[in-house]
Amino acid sequence: MPAETFEFQVEARQLLQMMIHSIYSNKDVFLRELISNSSDALDKLRLETLRDDSVQADTSDLHIAIEADKEKRTLTVRDNGIGMSHDEVVQLIGTIANSGTAKFLRELKEAKDSAASAELIGQFGVGFYASFMVADEVTLLTRRAGESQGTRWNSDGEGTYTVESVDDAPQGTSVTLRLKPEDTEDRLFDYTSPWKIREIVKRYSDFITWPIRMAAATPGEDDSEPETETVNSMKALWARSKDSVTDEEYSELYKHISHDWTDPLETIRMQAEGTFEYQALLFLPSHAPQDLFMEGHKRGVQLYVKRVFIMDDCEALTPTYLRFVKGVVDAQDLSLNVSREILQQDRQIELMRRRLTKKVLSTVKDMMSASPENYRTFWKEFGRVIKEGLLQDFENRDAILEISSFASTQDTEGLTTLRSYVERMKEGQDQIYFMTGESRAAMESSPHMEAFRAKGLEVLLLTDPVDEVWVQSVPEFDGKQLQSIAKGEVDLDTDEEKEKAEAEREKQQQDYAGLLAWMTEQLGEHVKEVRLSSRLTVSPACIVSDTHDVTPALENMYRAMGQEVPHIKRILELNPSHTLISSLKKAHAAQGAESAEADAAGELADTAELVHGLALLSDGGELSDPARFSRLMAGRLERTL
């Protein structure tokens with residue numbers, strides 16, 4: 001069939017141009033990316049043949065071959081893995097299959113240094129395009145296992161590519177690069193040099209579990225075929241002793257399996273022996289992927305059985321709140337043809353999941369004391385998703401609470417743990433006080449904070465959306481009840497203070513009984529109750545939720561998710577020490593004593609409505625009729641001038 005010519009997707013063409021003009025200074029990584037793609041293809045073929053006996057493919061000698069031709073200045077990376085069909089070549093090579101491509105390109109252009117560029121490239125998995133950093137032309141020849149016809153793809157990276165069907169393609173994929181001239185000043189080395197190829201393979205791909213072969217350094221006689229040698233060790237890092245593996249090797253394995261171009265924050269090794277044996281090598285990333293909270297985010301670690309790759313992104317091995325964890329688990333006793341359905345029910349998988357989860361949480365706890373800076377980075381990147389575990393994982397709830405950090409009134413800059421909060425609690429305090437809201441500034445200026453500030457009591461400031469949910473289901477920590485300062489009644493006085501103030505409180509309740517009953521009736525459409533407050537020192541009034549009521553923010557979250565939630569009336573609390581409230585009491589008493597005219601009664605009702613509206617606004621709530629509130633406020637201001 002004649003070759004067809006296609007144009008690159010606009011975003012792909014832009015990316016190619018940026019690659020060609022060296023957005024990344026270390027061009028050696030192109031070979032790592034090609035080898036990584038070949039390794040994935042071999043893994044997929046092995047898995048396919050295990051799952052489907054009908055697949056006609058030769059798996060007797062799966063390997064990766066690197067061939068360099070110094071005279072023609074070409075470099076070929078070849079594998080006999082799964083290969084690609086004609087349609088897959090067009091779909092996978094001609095486009096960048098990611099909805100965030102435009103955003104990626106914009107950020108890539110704005111990146112100020114090579115490290116930032118590399119990180120962005122890794123996040124979007126466009127390693128194949130790195131070939132154009134070192135090549136003037138790229139040719140890909142592939143045939144999918146089980147199919148008879150192959151496909152050849154070719155491009156110079158200038159905007160178009162050709163695709164044609166071929167009959168003589170071997171199983172697998174080969175990528176041939178027509179290399180650019182050597183330019184050491186631009187860090188463009190001679191990639192036909194055997195020592196340079198070996199250096200790159202050893203640095204980046206030594207851990208690949210498939211043999212990487214190339215011509216031996218010392219070939220045979222001139223008229224004989226050069227011997228080949230395997231240039232990578234192929235020994236899985238997780239199977240080697242800890243002392244024999246360097247941090248650089250761990251980092252390269254992490255980059256290979258995560259497609260992240262930055263080093264991991266923490267490396268976790270596990271080895272279980274006995275009736276059920278497995279080894280695990282897990283990594284905590286140093287930054288959150290951009291799709292961490294998006295539907296369809298790939299999660300889970302790689303699963304091997306006796307060094308044989310079984311599954312990528314094995315969700316059954318980690319809970320969803322640890323979906324950022326990357327790594328490898330190699331089990332000894334699982335079936336090689338294990339399916340996703342069996343995995344979900346397998347007792348051994350569940351046992352591994354529980355142990356891996358506990359190990360990750362304990363590692364983070366150790367990090368808090370051993371490496372506080374790393375912990376702060378970890379919590380900044382992943383704290384929000386970790387807190388999802390408080391809703392999902394009852395077994396490890398205490399461990400999650402131990403490693404969680406929150407903003408607090410005690411420190412205007414840093415975060416605090418619940419353990420530290422408990423250690424700082426005042427004598428006689430038996431509750432951990434917190435408040436939820438959209439921002440720290442809004443909560444610090446909230447009327448609910450007044451009494452706590454006056455008493456010098458620390459309050460946790462929770463601003464993540466997930467905080468609204470988990471605080472509803474976590475009753476206590478270390479025997480101390482978690483208490484929202486915006487819910488229920490607040491009693492901060494000591495027994496001695498209560499005894500002294502008891503008489504005054506009873507008198508206030510009697511004095512304000514008429515006003516409270518009248519306002520409860522007057523505002524009955526909007527509030528459940530009007531009562532006196534013990535939490536206010538400056539503001540005239542505030543809105544609070546009843547002890548077991550859903551908060552307004554949580555109501556809105558449920559509605560945003562399409563769930564019908566009945567509107568819950570809240571409580572209006574009045575500050576009896578505020579001049580506005582005491583004047584309102586006197587006006588109400590005078591109205592009753594004089595049987596005031598309708599105009600006066602109406603004005604008093606308007607005042608009650610204004611007090612409620614002001615309290616609602618100070619709590620960040622929304623007025624049911626903003627226009628009416630504005631008219632009432634304007635009229636009242638007009639009469640004061």
Side-chain angles (χ1 to χ4, degrees), residues 442 445-448 450-451 486-490 504-547 549-553 555-556 565-641:
S445 60
S446 169
H448 298 116
E450 293 174 4
K487 293 182 72 172
E489 295 198 56
V490 169
E504 182 182 353
R505 286 188 180 182
E506 288 182 2
K507 185 175 186 307
Q508 283 181 339
Q509 287 292 345
Q510 292 174 0
D511 291 346
Y512 281 85
L515 176 65
L516 297 177
W518 174 77
M519 287 187 68
T520 298
E521 180 181 358
Q522 192 70 30
L523 300 172
E525 184 181 342
H526 305 289
V527 302
K528 179 188 295 187
E529 176 190 0
V530 181
R531 68 189 184 199
L532 294 183
S533 178
S534 58
R535 74 185 84 216
L536 297 174
T537 60
V538 178
S539 300
C542 69
I543 296 287
V544 300
S545 297
D546 218 345
T547 305
D549 282 350
V550 174
T551 63
E555 271 188 66
N556 294 335
V565 182
H567 177 68
I568 298 174
K569 293 181 180 180
R570 302 174 73 199
I571 298 167
L572 176 64
E573 287 193 351
L574 305 180
N575 179 3
S577 302
H578 196 281
T579 304
L580 173 59
I581 302 305
S582 59
S583 298
L584 185 59
K585 175 180 73 73
K586 291 177 183 176
H588 175 264
Q591 173 189 313
E594 299 172 4
S595 299
E597 297 179 357
D599 288 348
E603 189 160 310
L604 196 61
D606 290 348
T607 303
E609 190 175 338
L610 285 171
V611 169
H612 172 256
L614 291 170
L616 195 61
L617 289 174
S618 68
D619 191 49
E622 296 182 2
L623 299 167
S624 59
D625 190 347
R628 173 175 169 78
F629 181 84
S630 297
R631 287 196 302 273
L632 292 177
M633 181 61 74
R636 187 56 51 90
L637 291 172
E638 182 182 357
R639 289 191 291 277
T640 62
L641 297 175

Are [X] and [Y] side-chain neighbours, meaning at least one heavy-atom pair lies under 4.5 Å?
X	Y	result
Ile581	Pro540	yes
His526	His612	yes
Leu532	Gln509	yes
Arg570	Val544	no
Phe629	Leu610	yes
Leu616	Glu622	no
Met633	Leu614	yes
Val527	Lys569	no

Determine whether a donor-acceptor pair (N or O, by modelled atom type, separation under 3.5 Å) exists between the side chain of [X] and the backbone of [Y].
X	Y	value
Asn575	Ser539	yes
Asp619	Gly621	no
Glu450	Val538	yes
Lys487	Asp549	yes
Ser445	Ala442	yes
Lys528	Leu572	no
His578	Leu536	no
Tyr512	Lys585	no

Item to check | For Asp625, side chain to side chain donor-acceptor pair (under 3.5 Å) partners two or more places apart | outcome: none
Item to check | Counterpart residues, side chain to side chain donor-acceptor pair (under 3.5 Å), relative to Arg636 (two or more places apart) | outcome: Thr607
Checklist outcome for this item: Smallest heavy-atom separation, Cys542 atom then Pro447 atom, equals CB-CB, 4.0 Å
Distance (rounded to the nearest 0.5 Å) between [X] [atom1] and [Y] [atom2]:
X	Y	atom1	atom2	value
Leu516	His588	CG	NE2	9.5 Å
His448	Ser618	NE2	OG	7.0 Å
Glu529	Glu573	CD	CD	8.5 Å

Checklist entry - Can you check side chain to side chain contact (heavy atoms under 4.5 Å, CB included) on Leu574 and Arg531, steps first, answer last? => result CA-CA 6 Å; Leu574 305 180; Arg531 68 189 184 199; over 6 Å; no
Item to check | Pair Asp606 + Arg628: basic N to acidic O under 4.0 Å | outcome: yes
Item to check | Distance-only polar pair, side chains of Ser534 and Glu489, donor-acceptor under 3.5 Å | outcome: no
